[in-house]
There are 2 protein chains.
Amino acid sequence: MTSSLETGPTRSVRGRRTARASGDERERAIMQTAERLLQERPIGEVSVDALARGAGISRSAFYFYFPSKDAVVLALVDRLVEEAELSKEQVIAQLASDPVAGWRASLELFYAIFGSHRALIRAAADLSAVNEDARALWSSIMEGWVADVTEMIEAERERGVAPAGLPARDLATALVQLNERALRAIFVEESPALAEERAIDTLSHIWLSTIYGSPAPR
Amino acid sequence: MTSSLETGPTRSVRGRRTARASGDERERAIMQTAERLLQERPIGEVSVDALARGAGISRSAFYFYFPSKDAVVLALVDRLVEEAELSKEQVIAQLASDPVAGWRASLELFYAIFGSHRALIRAAADLSAVNEDARALWSSIMEGWVADVTEMIEAERERGVAPAGLPARDLATALVQLNERALRAIFVEESPALAEERAIDTLSHIWLSTIYGSPAPR
DNA sequence: CAACGAGTCGACACAGTGTCAACAAACCAG
DNA sequence: CTGGTTTGTTGACACTGTGTCGACTCGTTG
């Protein structure tokens with residue numbers, strides 16, 4: 001799933017310690033700078049020059065590490081998604097034992113992970129408007145979630161706790177999109193947006209109502 | 001509600017017929033060109049120069065009519081929203097007599113209006129990532145819809161057909177956001193997206209389930 | 001006819017992007 | 001230790017797009 005352009009040519013394993021800061025360090029410095037700057041202003045207002053200076057190199061040196069400023073954001077997103085992937089397993093397990101708590105835990109996980117990287121999420125969203133690669137990356141992430149949710153819904157239906165209704169995949173798509181949209185609105189401080197304190201309640205109410213046909217399964 | 005920067009200085013009423021094309025005509029020509037070009041490529045790839053040439057003037061003359069290319073899109077959106085506003089009244093009326101059909105009609109209206117201006121919708125969405133004014137305009141549009149839906153939900157609850165549950169405004173916010181997101185995915189041909197033929201069915205199922213507590217009110 | 005204002009244009013300054021040839025410093029093979 | 005290779009780094013350059021300005025045209029109006 002890792003995007004093809006996330007890293008520059010510096011991919012071999014090296015462990016030296018040289019006088020000048022080595023490639024990997026620079027690469028990390030650039031990413032770090034990006035995360036920092038994105039907390040202050042939108043991606044559109046961050047120039048390659050700013051990124052380079054922040055990492056202590058010249059603008060042209062930047063291009064040695066990344067093909068463009070967008071690629072830095074994509075690398076960052078890639079990393080975030082990998083983190084998220086790890087926590088996923090445990091949540092799925094919980095669903096079998098206690099559905100209500102399980103779904104809620106999923107939403108909370110989602111909320112926690114993205115909430116703690118608001119600036120990055122926003123940059124990724126902004127980028128998707130302009131950049132084909134960003135769009136593709138985000139698409140594949142969404143696809144992954146939809147697939148997971150579809151599977152979970154189908155499992156619940158087979159267990160007999162959830163009634164048949166909308167095609168599971170359609171329902172999953174809509175719910176994942178709802179989450180994405182609603183959480184983004186909150187994180188970016190758009191308006192209208194759900195009240196942040198009640199957001200998880202609101203969303204899980206909608207998820208449960210539509211999946212189980214009522215606000216809580218029997 | 002009309003955005004403050006939608007039009008250039010040419011705002012007085014004039015009705016002359018001059019040798020060279022007059023201001024209003026040019027203004028319209030620019031907007032028309034914008035709509036045409038946006039059908040071919042995203043806003044980011046449309047330059048002021050292209051807009052100007054399309055309208056038969058030089059790039060610098062363009063600035064006489066609009067302060068920036070973004071302002072053209074905002075003017076277009078403004079116009080679209082005004083159109084939409086007109087059809088709204090009749091739908092609200094229907095809700096009282098037949099709720100299910102009424103909600104469905106709302107969704108269909110939404111779908112029809114925005115579906116027939118996909119390129120513009122996309123440009124507006126793209127712009128929101130970059131442009132503060134665009135964000136503000138879209139926000140106010142969303143606010144309007146949320147207010148309408150909130151009111152409709154409350155009316156249904158007072159009539160006793162819909163049960164109390166989530167705060168009406170929260171529910172309305174989530175549903176409007178769901179619609180926005182899901183329809184945009186379809187129109188922009190993102191993936192994942194709802195199957196277009198079933199989109200209205202899917203959405204109305206979710207609306208009805210969450211508003212009435214079951215897929216159909218008694 | 002003179003003054004005015006709407007409309008137009010070319011030239012300019014500016015900001016940002018991406019590329020390139022050339023240079024520097026460490027590393028490694030002989 | 002020496003000379004070639006790899007890894008980094010740089011300034012200069014070409015290019016694209018934006019927005020501004022002063023000067024010009026040409027109907028309109030007093």
Side-chain angles (χ1 to χ4, degrees), chain A residues 5 7-31 33-34 37 41-74 126-127 130-134, chain B residues 5 7-31 33-34 37 41-74 126-127 130-134:
Chain A
L5 43 66
T7 43
T10 322
R11 246 346 28 195
S12 53
V13 197
R14 282 163 298 116
R16 349 181 214 86
R17 188 114 312 264
T18 64
R20 59 172 144 173
S22 86
D24 284 351
E25 278 167 53
R26 293 293 199 204
E27 200 172 308
R28 252 175 293 135
I30 293 175
M31 294 212 248
T33 307
L37 293 184
R41 40 198 152 115
I43 179 76
E45 286 167 31
V46 174
S47 67
V48 170
D49 196 52
L51 252 27
R53 281 179 191 291
I57 55 179
S58 74
R59 197 174 63 82
S60 18
F62 168 93
Y63 288 99
F64 182 79
Y65 297 100
F66 293 94
S68 71
K69 103 184 136 174
D70 294 4
V72 181
V73 177
L74 295 216
D126 288 359
L127 224 53
V130 190
N131 181 306
E132 188 53 45
D133 291 315
Chain B
L5 43 66
T7 44
T10 323
R11 250 338 35 193
S12 53
V13 198
R14 282 163 299 116
R16 348 182 214 87
R17 189 114 310 264
T18 64
R20 60 174 142 173
S22 85
D24 284 351
E25 278 167 52
R26 280 320 163 53
E27 200 171 309
R28 252 175 292 136
I30 292 174
M31 296 214 247
T33 308
L37 293 184
R41 41 198 150 116
I43 178 79
E45 285 166 31
V46 174
S47 67
V48 171
D49 195 52
L51 253 27
R53 282 178 190 290
I57 55 178
S58 75
R59 198 175 63 82
S60 19
F62 167 93
Y63 289 99
F64 182 80
Y65 297 99
F66 293 95
S68 70
K69 104 185 136 172
D70 294 3
V72 181
V73 176
L74 295 216
D126 287 359
L127 224 53
V130 191
N131 180 306
E132 188 53 45
D133 292 314

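Keep in mind the model is a prediction, meaning the values are calculated, not measured. Numbered from 1 within each chain, the chains take letters A, B, ... in sequence-line order.
The CG atom of Leu51(A) sits 13 Å away from the P atom of dG16(C) (whole-angstrom rounding). Taking atom CZ on Phe66(A) and atom C1' on dG18(C), their separation rounds to 17 Å, with Å as the unit. Arg53(B) has its CZ atom 11 Å from the P atom of dG17(D), to the nearest Å. Atom OH of Tyr65(A) is separated from atom P of dG18(C) by 18 Å (rounded to the nearest Å). Note: CG (Asp24(B)) to P (dA6(C)) measures 13 Å, nearest angstrom. For Phe64(B) and dG22(D), the CZ to P distance is 17 Å, given to the nearest whole Å.
Mapping Arg59(B) and Gly56(A) onto DNA chain D by nearest heavy atom places Gly56(A) at the nucleotide closer to the 5' end.
Note on the helix from dC1(C)-dG30(D) to dG30(C)-dC1(D): angle between the axes of the first and last five pairs equals 10°, rounded to 10 degrees.
The phosphate of dC20(C) (OP1 or OP2) has no side-chain N or O of Tyr63(A) nearer than 4.0 angstrom. Phosphate contact (OP1/OP2 of dT9(D), side-chain N/O of Arg26(A), threshold under 4.0 Å): present.
Nucleic acid contact for Ser60(B): base, since at least one base atom lies under 4.0 Å from a heavy atom of the residue.
Nearest to the side chain of Val48(B), among dT18(D), dT8(C), dG18(C), sits dT18(D).
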